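Inspection log for the structure reproduced underneath, given as structure tokens.
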Amino acid sequence: MTPNDRPSDTPQAAGEDAARPDRGPGNFIDERVADDLRAGRHGGRLVTRFPPEPNGFLHIGHAKSICLNFGLAERHGGVCNLRFDDTNPEAEEARYVDAIRRDVRWLGFDWGEREHFASDYFEQLYAWAVALVRAGRAYVDSQRPEAIREGRGDFHRPGVESPYRDRPVEESLALLEQMRRGALDPGEAVLRAKIDMRSTDLKLRDPLMYRIRKAAHHRTGTAWSIYPMYDFAHGLSDAIEGVTHSLCTLEFQNHRPLYEWFIDAVGPAHRPEQIEFARLNLSYTVLSKRKLQRLVDGGYVEGWDDPRLPTLAGLRRRGYTPEAIRAFCDRIGVSKRDGVVDVTLLEHAIREDLNDRSPRAMAVLRPLRLVIDNYPDGEVEHFEVPNHPTEPAFGVREVPFSRVLYVERDDFMEDAPKNWWRLAPGREVRLRGACLVRCTEVVKDAAGEVVELRCTWDPASRGGMPADGRKVRGTLHWVSAAHAIPAEVRLYDRLFDVPNPSATEDDRDEPRAEAAARDDAFLTHLNQASLEVLEGCRLEPSLGDAPVGHRVQFERLGYFCRDEASSSGGQAVWNRTIALKDSWGKQAER
RNA sequence: UCCGGGGUCGUCUAAGGGCAGGACAACGGACUUUGGAUCCGUGAAUGGUGGUUCGAAUCCACCCCCCGGAACCA
């Protein structure tokens, strides 16, 4: 049955549909799975799988697939396998297997005992290949790669059959055995399925099933000299695992006829079906493994877990939570229209999550000395400040206050407009959780730069509210100079400065090598200001013993996460996950 | 040009012959000891043409536009 034959408008289905809205994300795949389950297809079972190739790190696009596959299983009482699609020894490494496991687990999914490798099936796949040769449905082609390519034809010309296409079965069998043993060199022979060289579908023009590769495989070592191609291995691996719904991205739509051909030809006990959905694209970043690899290898970022990267490892280090990423995946939906999701949607998801769960603290990133002239030198008092503005359960903390403080340099303006609520000569502001201060004098150095603010405080405003009820609009964050902890803070911005860094003019007929060079064009759109390192930042003392990975909101600035690294001076390093929404900044732009 | 997909607010996504809805973004307002958060509100879409129908985003026809496909990658 093809997707279009589905009886989706039967009275029974319509009745169930009415009840659908109160169940998970209603995407077309979810509906189809529900439909299949209802109709008892696949024996009423649901088995999905997440099939990464261990040749790089997982990114937010993979998260979409992980959430889809594992989510479907969770919602419909099925299971989801983790399968490493490791059929190309030249690209794959064990370290990527480890990283993938860690990232899937971190996202919050559990595959239990169901961890598989395509390489587990090499022996079975080979036996099936032999059977296809015996059945006259596959043959060893001894043509060179160029000849095979030439013989395949193109969109306008039909292919021509290989001169080896009808060679005796026994001959192919013997050759295949030699290929497996390593008696032949790469390029000397391949195993091809015998389908139709004149098909209008290029994929059906006798596709390759096996090629010779003498690289060591991360799991099977040098046991094999031949490795199965994706089209031959993938669907049959699904069949072996009893996968019912094999979900993949749109670019594999063209492979579906082949997927089905191999299943039909081999006739495994179970028949999985492939369903395609649109892969995730995100504005201001790249989501192709090739491009990410390029950024890493080229030193444009500091590694796969660079906080500017959309990799799960990078997002984790940046301070993203798995919950926010899952919420994001729920919201973007699943469909067959390829598009670009606005990165602001991801940013919204993390702000929303962190707003609820992050304790607040004060940190001054660009310190400006503020001296309270009418506060006794050497005296210290502590203000009790809530750790969260709306959730009392976060508790309170004691923040030390004294005569010399630091405030944010950006919170002072010498010639301030009337709608400026912060510090300026003669103006009064509130120090968050502490008191009201008025700026009485601006101290400058020889170069004319502001180096210190002299202020007076209102002792009757302890806690932050004036005794006379006068209105004070601005509220600033601050730290006590003598108690503050020095730290390094890294501010991240979008990695690229254009919405779609991958967009390039398309030239279908250009040579492959030139296409590859052009593919590097995205590097010209790198945002030179994607990382700003701030040294000499001052944190309130409660942040001194924050463990690595600890997330906190620096009030009025954004959400920050303690990094595993420490600065050259041995101080802690904090990463900015995402800035707070800044309506003043937005207003100031205009 | 051949084969396979896809076109709904700026973006993502619902509506499966019966009021085109939601989220993000934008804009405006209220509130505020974070110019935060929250709340309220505004603007904003069915690629085109014809047809079927009481009624079409939805069905039919033709056209247009976009994406993928000619790797011994997945």
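Protein chains get the first letters and strands the later ones, always in sequence-line order, with residue 1 at the start of each. Remember, it's a predicted structure, so these values are computed and weren't measured experimentally.
No engagement by A/Glu347 is indicated, since no non-hydrogen atom pair under 4.0 Å with the nucleic acid exists. When heavy atoms are screened at a 4.0 angstrom cut-off, A/Val472 is found touching no nucleic acid atom at all. Using a 4.0 Å heavy-atom distance criterion, A/Trp478 is classed as making no nucleic acid contact. Base engagement by A/Arg422 is indicated by at least one non-hydrogen atom pair under 4.0 Å involving a base atom. Heavy atoms of A/Asn419 sit under 4.0 angstrom from at least one base atom. Within 4.0 Å of A/Asp338, counting heavy atoms only, lie sugar-phosphate atoms of the nucleic acid but no base atom. Using a 4.0 Å heavy-atom cutoff across all strands shown, A/Arg432 reaches at least one base atom of the nucleic acid. Within the nucleic acid shown, A/Ile332 comes within 4.0 Å of sugar-phosphate atoms alone, with no base atom in reach, counting heavy atoms only. Within 4.0 Å (heavy atoms only), A/His477 reaches no atom of the nucleic acid at all. Residue A/Glu555 is classed as a base contact, given a heavy-atom separation below 4.0 Å to a base. Nucleic acid contact for A/Gln553: base, since at least one base atom lies under 4.0 Å from a heavy atom of the residue. Among the heavy atoms of the strands, none lies under 4.0 Å from A/Thr390. Base contact: A/Arg144 has a heavy atom under 4.0 Å from a base atom. Within the nucleic acid shown, A/Pro228 comes within 4.0 Å of sugar-phosphate atoms alone, with no base atom in reach, counting heavy atoms only.
Between A/Glu273 and A/Arg256, none of the side-chain N atoms (NZ, or NE/NH1/NH2) sits under 4.0 Å from a carboxylate O, so this pair counts as no salt bridge. Salt bridge A/Lys289/A/Glu53: absent, no basic N to carboxylate O contact under 4.0 Å. A salt bridge does not link A/Arg556 to A/Glu408: none of the charged nitrogens lies less than 4.0 Å from a carboxylate oxygen. Salt-bridge annotation for A/Asp35 and A/Arg32: absent, with no side-chain N of the basic residue lying under 4.0 Å from a carboxylate O of the acidic one.
Between the CD atom of A/Glu150 and the P atom of B/A71 there is a distance of 11 Å, given to the nearest Å.
A side-chain donor from one of A/Tyr559 and A/Gln553 sits under 3.5 Å from a side-chain acceptor of the other. For the residue pair A/Thr344/A/Asp342, the side-chain donor-acceptor check at 3.5 Å is satisfied. Side-chain contact check for A/Arg49 and A/Ser246: at least one donor-acceptor pair (N or O, by modelled atom type) lies under 3.5 Å.
Dashed line: the shortest gap from a side-chain N or O of A/Lys203 to OP1 or OP2 of B/G68 is not under 4.0 Å. Neither OP1 nor OP2 of B/G5 sits under 4.0 Å from any side-chain N or O of A/Arg256. Listed pair A/Lys586 / B/C27 meets the phosphate criterion, a side-chain N or O lying under 4.0 Å from OP1 or OP2. Residue A/Arg211 places at least one side-chain N or O closer than 4.0 Å to OP1 or OP2 of B/C73. Residue A/Arg556 places at least one side-chain N or O closer than 4.0 Å to OP1 or OP2 of B/G35. Within the structure, every side-chain polar atom (N or O) of A/Thr344 is placed at least 4.0 Å from both OP1 and OP2 of B/C24. Within the structure, every side-chain polar atom (N or O) of A/Lys289 is placed at least 4.0 Å from both OP1 and OP2 of B/A74. In this structure, A/Thr87 reaches the B/A74 phosphate: one of its side-chain N or O atoms is under 4.0 Å from OP1 or OP2. Note on A/Arg279: every side-chain N or O is 4.0 Å or more away from OP1 and OP2 of B/C67.
The partner of B/A26 is B/U42, by the rule that a Watson-Crick or G-U pair needs both atom distances under 3.5 Å. Across all strands shown, B/U52 forms no Watson-Crick or G-U wobble pair with both distances under 3.5 Å.
Candidate nucleotides B/G35, B/G69, B/C72 were compared by shortest atom distance to the side chain of A/Gln587, and B/G35 ranks first. The side chain of A/Asn27 sits closest to B/A14 out of B/C2, B/C72, B/A14. Checked against B/U34, B/G5, B/A25, the side chain of A/Lys581 finds its nearest nucleotide in B/A25. Residue A/Arg360 has its side chain nearest to B/U34 when only B/A23, B/U34, B/A74 are considered. Residue A/His348 has its side chain nearest to B/A25 when only B/G36, B/C3, B/A25 are considered. Among the nucleotides B/G5, B/A71, B/C24, the one closest to the side chain of A/Arg152 is B/A71. Set against B/C24, B/G36, B/G69, the side chain of A/Asn254 has B/G69 as its closest nucleotide.
Each of A/Leu202 and A/Lys471 has a nearest nucleotide on RNA chain B; the 5'-most of these lies closest to A/Lys471.
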